[in-house]
Amino acid sequence: MMQRLDRPDEAGRTAAAPAGAIADVLVPLALDTAYSYRVPPGLALAPGDVVQVPLGPRETLGVVWNLRAGDGANLKAVSGCFDAPALPPALRELLDWIARYTLAPRGMVLRLALRDPGRGGPEPLRLGVRATGRLPRRLTPARRRVLAAAEGGLPHIKRQLAEAAAVSAAVIDGLVDEGSLEPVVLTPETTPLPDPDFAPTALSVAQQEAAAALRRSVAAGGFGVTLLEGVTGSGKTDVYFEAVAAALQAGRQALILMPEIALTGQFLSRFAARFGTPPAEWHSGVGGRRRERIHAGVASGAISVVVGARSALFLPFDRLGALVVDEEHEAAYKQEDGVHYHARDMAIVRGRIEGFPVVLASATPSIETRVNAERSRFARLLLPERFGQRALPAVTTIDLRRDPPARGHWLSPVLVEAAQATLERGEQVLFFLNRRGYAPLTLCRRCGHRFQCPNCSAWLVEHRFRRALVCHHCGHAERRPDSCPACAAADTLVPAGPGVERLAEEVAELFPQARSVVLSSDFPGGTERLRHELAAVAAGEFPIVVGTQLVAKGHNFPHLTLVGVVDADVGLTSGDPRGSERTFQLLQQVTGRAGRGARAGRALLQTYQPEHPVIAALVSGEAERFYAEETAARRAAGLPPFGRLASLIVAAPDRGEAEAHARALVRAAQAVAGFPDDVVVLGPAEAPLALLRGLHRFRILVKTARATDMQGFLRAALAGAPRPPQRIRVTVDVDPQSFF
DNA sequence: GGGCAAAATAAC
DNA sequence: TTATTTTGCCCT
């Protein structure tokens, strides 16, 4: 694995500078500068090589960022070079760019692209068998079938050959003993490459036009961004598959990015149906050896298509010809710890550096992407209709002021009646409520005490199944007491408001004869069982589904014809600058789940504010109007994508300390930059992971609409701040387009 | 000033 | 990130 000094250079490369060379090596630590090392004679190095270098008293991994002449007599020497694929120049350029843009140390950005080479050792050799042409002494019918299947002398995997010949593995072993088959080592390249001409999909006219446009831009090569916008069910996937096919036909590679949650088996088989083989899969669940294999395959070109979550963006592709960002509006593309980056934006940067087209696909694009399309920075392709003449679900509101639920209930009689009728027709109903747990607030009906998180300002949410009060902000959990902690009265605690668990209780009472299931991210039994239940829902096993936003993503439910949104106002009043956009996207996706099977669907939104622009847009189907209004509102408020925003995040184990330091930083920033109104403390910044690590985080929002150099501003703010007191960390997040 | 733990800092 | 150095705090 390691090419040590005492071993000859197996790759056979000649040493770059025999007179003596110096390598500038970047190590994956919180360091911004590459360190210089002497290249020992006999070690052939090239920029991008993964090397081992001494660092202080230990040895560490690094990447050669630059090579230059010089004897480097006063420097430590590079210890060795790994047999891992070198980082292509364009990828190094991307990493430098991201470091500069996000103000992260270059070493931390490098970390994103390095996955411990050498760990796990070499790939275990897979053994296969190959026909030798020698006949066995006795030729039985079973043996005849095996030899027929193995004809041609190509190597076969034992199990697959046995299956193809409809015999047991014992027959194969027998033939090996006879010398008719010989064992051979299978090379990893035996994995078939996706075939762009395997099974082209029949496309609608609108799809054909969009696909042709994408094919043209991929075939022409060069950088460009295209927004592929299509209502749910319009067949965006089939269209961007054609972009992937065009890249393959041009002899190039393709990458499809998806939010991790959308990467389902359903998607992979769809890909296999089009290209004859599933793509390489890259996400947090892919571990060890497989990761390394994909890494190497991508670098060598043995892998031509990868489908992956945001980190796949840093794979060492050499010949990328197309990059698709599916569900581009998803917040999951934003990395919130370590290096703060938005994978969609960085995908575009990679496209610009390497010169290939980028496709952003969504039924509900983000505001910034729509603005970029309107300003012609992105091309826009629209799929306005559902595939196969299927109508979009009719969306109507239930005005809760006029048709309120019965006391202590949450479902309006109008919705209950519609659900009843749907169930009688043998169709499926989804009650959607984006609130986990039993009740969002617990209070004492004697003294009015409300349970609040000790760390955050949020209320504690009752989870009846777990018998706990949980903070959805930071993960803090405590046992639900029997008596009020404030006034000590017993049995006076009451749940206020509904969560999905409580809704399920009401549903069971209203429709006792119908099987129902509750689906949310805290589903008991973990991801495995959850996936199983989702499949059962898709198969129509549950007439009633009660679910949170989890059911809005990825899965297709062909039996679903009625979606009842129990509280359409959730998220509209939260004060989040992206609240309207998020709610619109979520409800559009959820209501779009109805009527994707044989029968038409409809959706009912329970709301107190039917006239709200988001609700009105959903009902009228005028997405365009929503985008126009929201864009105008953003422009007026100086919010993204019009205001330039960045943030400093101040973290410390102690809440008071973190806040005090955040305020000190704001004062320093104001003094240095002199825009008193454009620096605001927001906080506490939610960050479940940070809090699990025992850190409280405060976010300072820097809003500079004027043509100020954002980076200069931030550096000045940090430089002018008092020296950070002990145990406080400040991280910087520059993200003008997608702040929240 | 010793002994110990926590915090700060250098790493080519 | 990790190993080493410095600082802070309690004690005698």
Side-chain angles (χ1 to χ4, degrees), chain A residues 2 5 15-17 19-41 43 45-82 84 87 92 95-96 98-99 102-120 284 291 311 314 335-341 649-658 660-661 664-665 689-690 692-697 718-719 721-732:
Chain A
M2 272 282 282
L5 291 182
I22 293 174
D24 297 320
V25 175
L26 193 59
V27 289
L29 304 178
L31 290 170
D32 200 47
T33 44
Y35 286 166
S36 304
Y37 291 87
R38 179 162 44 82
V39 180
L43 185 68
L45 285 183
D49 278 345
V50 183
V51 294
Q52 188 173 66
V53 289
L55 188 73
R58 75 209 132 101
E59 295 275 311
T60 187
L61 199 67
V63 172
V64 177
W65 226 245
N66 181 45
L67 279 174
R68 57 200 163 88
D71 67 358
N74 54 341
L75 300 172
K76 290 186 181 177
V78 176
S79 312
C81 180
F82 281 94
L87 269 65
R92 278 179 280 131
L95 297 177
D96 279 337
I98 292 175
T102 63
L103 295 185
R106 293 197 296 162
M108 291 304 279
V109 182
L110 172 63
R111 215 159 223 259
L112 301 171
L114 279 184
R115 357 258 3 154
D116 341 81
R119 281 267 226 94
S284 60
R291 256 179 130 70
S311 59
F314 299 103
Q335 169 109 57
E336 295 267 24
D337 47 37
V339 181
H340 296 240
Y341 68 91
I649 294 167
V650 180
D654 180 86
R655 186 185 144 92
E657 238 184 321
H661 191 69
L665 252 177
L689 278 172
L692 286 175
R693 284 193 222 106
L695 289 174
H696 294 269
R697 314 212 320 180
L718 286 170
R723 213 179 155 70
Q726 50 197 23
R727 313 206 307 148
I728 289 189
R729 283 219 294 273
V730 180
T731 56
V732 183

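A note on names: the letters A, B, ... follow the listed sequences, proteins ahead of strands, and every chain is numbered from 1. Excluded from the calculations below are hydrogen atoms, water molecules and symmetry mates; all remaining heavy atoms, backbone and side chain alike, are included. Predicted, not measured: the structure shown is a model, and the values here were computed from it.
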When the distance from CG of Leu110(A) to C1' of dT1(C) is rounded to whole Å, what number comes out? 13 Å
Tell me: NZ of Lys76(A) to P of dC12(B), nearest whole Å? 4 Å
In whole angstrom, give the distance that lies between atom CE of Met108(A) and atom C1' of dT1(C). 9 Å
Starting at atom CZ of Arg106(A), determine the distance to atom P of dC12(B), rounded to an integer number of angstrom. 17 Å
Sugar-phosphate only, base, or nothing, as touched by Leu31(A) at under 4.0 Å among non-hydrogen atoms: base
Spacing of Glu59(A) atom CD relative to dC12(B) atom P, expressed in whole Å: 11 Å
Side chain of Pro57(A): nearest nucleotide among dC12(B), dA3(C), dA11(B)? dA3(C)
Euclidean distance, atom CD of residue Gln52(A) to atom P of dT2(C) [Å, nearest integer]: 15 Å
Please identify each residue that fulfils side-chain hydrogen bond (donor to acceptor under 3.5 Å, both in side chains) with Asp32(A), with sequence neighbours left out. none
Could you walk me through whether Ser311(A) and Gln335(A) pass the side-chain contact (heavy atoms from CB on, under 4.5 Å) check? CA-CA 9 Å; Ser311(A) 59; Gln335(A) 169 109 57; over 6 Å; no
From OH of Tyr37(A) across to P of dC12(B) the rounded distance in Å is 6 Å
Distance check needed: dA11(B) P versus Leu26(A) CG, whole Å only. 17 Å
Residues in ring-ring contact (aromatic ring centres under 6.0 Å, His included) with Phe314(A), at least two apart? Tyr341(A)
Quick one: do Val53(A) and Thr60(A) satisfy side-chain contact (heavy atoms from CB on, under 4.5 Å)? Show the steps, please. CA-CA 5 Å; Val53(A) 289; Thr60(A) 187; 4.0 Å; yes
